[in-house]
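Here the structure comes first, spelled out in structure tokens, and everything after it is commentary.
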Amino acid sequence: MQIQRIDVMRQSTPLVKPFKTALRTVFQAESVLVRITADDGRVGWGEAPATIVITGDSLESIESAIVHTFTPLLIGKSLLAYEQIIQSVHQAMIGCSSGKAAVDMAVYDLVAQACGVPLYQFLGGYKDRIETDFTVSVNSPKEMGEDAARYVESGFNVLKIKVGKDDIGEDIERIREIRSRVGDRVKIRLDANQGWQVKDAVKSIRRMEDMGLNIELVEQPVKAGDIEGLKAVTDAVETLIMADESVFSPVQALEVLQRRAADLINIKLMKSGGIYKAQIINQIAEEYGVECMVGSMIESRLAVTAAAHFAASKKNITRFDFDAPLMMLHDIVDGGVRYDGRVMTFPDDAGLGIRNVRCQDGMGAVS
């Protein structure tokens, strides 16, 4: 089974409401779609959102990398030698982790199809269903409390709260309002997206501990490159601290783990460059006794399906952040992972189980 053709398209889908974090405000989900066709007619799908403030990748840079750098390397290559394919993609250029991820997931889709099993089974098959949290984006305390209550009423029992956008005292008011609206049985996770200074983070997390707000974890409280600061926060508080933007690569994961700079690691395919490297990060973390979460950017159900297959396949991945498709006004994917409230299940189809992706570009409808 050889790669015969690679097609690249764009899609843009409005969100139900703007998604606000400490780093950006998003009104629509924009991404590059990749379709790899094998010589036996099978099709593998991948997706890469443009998240410039995190990965540095734009729609234009992703497209260019796939069309001009990766495609010439891959045409005619045997998919059953997928290690060679993925290694060549990672060695072909520095950066563009999102573009690499899109190609990676399409390759894994095809390889699992060739083996006749769903991708999560091909990768390890540890679970056949997972549960996602739901994210409350940054707004006024009142609006965030209302949003949180609505998500809990719709069946979610774990909330991820975005903070770090402005005054840290306002963040505490946001959490207090949300906790008062959802009660004590709902898990609350905070994601500061690098928005706090070290001393402010320590002071605020300790204050929330003293207030009994029962925060499960705080994700990336300080700047991505400040590993010393991340460790200082981790050492100073009882609450679990999770590294996100500090860990793109296995080498960065190893540094964080060796220095005990975080209690948990958040793996995202768009940071790691796909499933291949994500597996290495998770394996290193498991050896250190550190659990992982798998999350996503603002991605459609295509990329989230690939991330969910990876996450379900591994014992050490214990937390799941896959709510992005639920924030979108339209679903562009036929097949793939299914949502029943917070519960996500997988089709019996081989590979990703994606039958069709609907978008509009210069070539018309994709099918």
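We find the CD1-CD distance between Ile332 and Glu47 to be 5.5 Å, quoted to the nearest 0.5 Å. To the nearest 0.5 Å, the span separating CG on Asp104 from CD1 on Ile275 amounts to 5.0 Å. Arg10 contributes atom CZ, which lies 9.0 Å from atom CD1 of Ile62 (distance to the nearest 0.5 angstrom). With values rounded to the nearest 0.5 angstrom, Ser98 atom OG is found 10.0 Å from Leu269 atom CG. Interatomic distance, Asp147 CG to Ser140 OG, rounded to the nearest 0.5 Å: 8.5 Å. Considering SG of Cys292 and CD1 of Ile265, their distance stands at 5.0 Å, rounded to 0.5 Å.
One N or O on the side chain of Gln252 and one on the backbone of Ser249 form a donor-acceptor pair closer than 3.5 Å. Judged by distance alone, the side chain of Asp323 and the main-chain N or O of Leu326 form no donor-acceptor pair under 3.5 Å. Listed for the Lys127 side chain is a donor-acceptor partner under 3.5 Å among the backbone atoms of Lys314. With Arg176 contributing its side chain and Met211 its backbone, the two residues share no donor-acceptor pair below 3.5 Å. Glu209 places a side-chain N or O within 3.5 Å of a backbone atom of Glu238 that can act as its donor or acceptor partner. Between the side chain of Lys277 and the backbone N or O of Lys271, no donor-acceptor pair lies under 3.5 Å. Counting only distance, with no hydrogens or angles, the side chain of Thr305 and the backbone of Leu352 share no donor-acceptor pair below 3.5 Å. With hydrogens and angles disregarded, a donor-acceptor distance shorter than 3.5 Å links the side chain of Asp39 to the backbone of Gln2. Looking at Ser61, its side chain does come within 3.5 Å of a backbone N or O of Ser58 through a donor-acceptor pair.
Contact annotation: the side chain of Pro325 approaches that of Tyr339 to within less than 4.5 Å [non-hydrogen atoms, C-beta and beyond]. Side-chain contact between Glu287 and Gln283: absent, with no pair of heavy atoms (C-beta onward) separated by less than 4.5 Å. Two residues are said to be in side-chain contact when any heavy atoms from C-beta on lie closer than 4.5 Å; Asn139 and Lys17 meet this criterion. Side-chain contact between Leu190 and Ile188: present, with at least one pair of heavy atoms (C-beta onward) separated by less than 4.5 Å. In this structure the side chain of Leu257 reaches within 4.5 angstrom of the side chain of Ile284, judged on heavy atoms. When side chains are defined from C-beta on, Arg42 counts as touching Met1, because their heavy atoms get closer than 4.5 Å. Contact check for Ile215 versus Ile175: side-chain heavy atoms found under the 4.5 Å cut-off. The closest side-chain heavy-atom distance from Arg342 to Asp133 is not below 4.5 Å.
Look at Arg207 and Asp210 and you find no salt bridge, because none of the NZ, NE, NH1 or NH2 atoms lies under 4.0 Å from a carboxylate O. By the 4.0 Å N-to-carboxylate-O rule, Lys268 lies close enough to Asp244 to be salt-bridged with it. Under a 4.0 Å N-O distance rule, the pair Glu228/Lys231 does not qualify as a salt bridge.
The side chain to side chain contact (heavy atoms under 4.5 Å, CB included) test applied to Arg338 returns Thr345, Pro347, not counting sequence neighbours. For Arg181, the side chain to side chain contact (heavy atoms under 4.5 Å, CB included) partners are Glu146, Ala149, Glu177, not counting sequence neighbours. The side chain to side chain contact (heavy atoms under 4.5 Å, CB included) check on Glu83 picks up Gln87, Tyr276, with sequence neighbours excluded. Residues passing the ring pair (Phe, Tyr, Trp, His ring centres under 6.0 Å) test with Phe346 are Tyr120, His309, sequence neighbours excluded. Considering only residues two or more places apart in sequence or on other chains, Phe134 meets the ring pair (Phe, Tyr, Trp, His ring centres under 6.0 Å) condition with Tyr151, Phe156.
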* To do: Show the numbers, then the answer: is there a salt bridge (charged side-chain N to carboxylate O under 4.0 Å, His left out) between Lys203 and Asp200?
  => CA-CA 5 Å; Lys203 179 180 178 181; Asp200 287 337; over 6 Å; no
* So Lys162 and Asp191, salt bridge (charged side-chain N to carboxylate O under 4.0 Å, His left out) or not? Walk me through it. -> CA-CA 5 Å; Lys162 292 291 187 179; Asp191 185 2; 2.6 Å; yes
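Counting Ile, Leu, Val, Met, Phe, Trp and Tyr side chains that sit under 4.5 Å apart, directly or through other members, Leu217 shares a hydrophobic cluster with Leu240, Met242, Leu264, Met293.
Checked options Ile227, Val233, Ile241; the residue passing with Val222 is Val233 (criterion: side-chain contact (heavy atoms from CB on, under 4.5 Å)).
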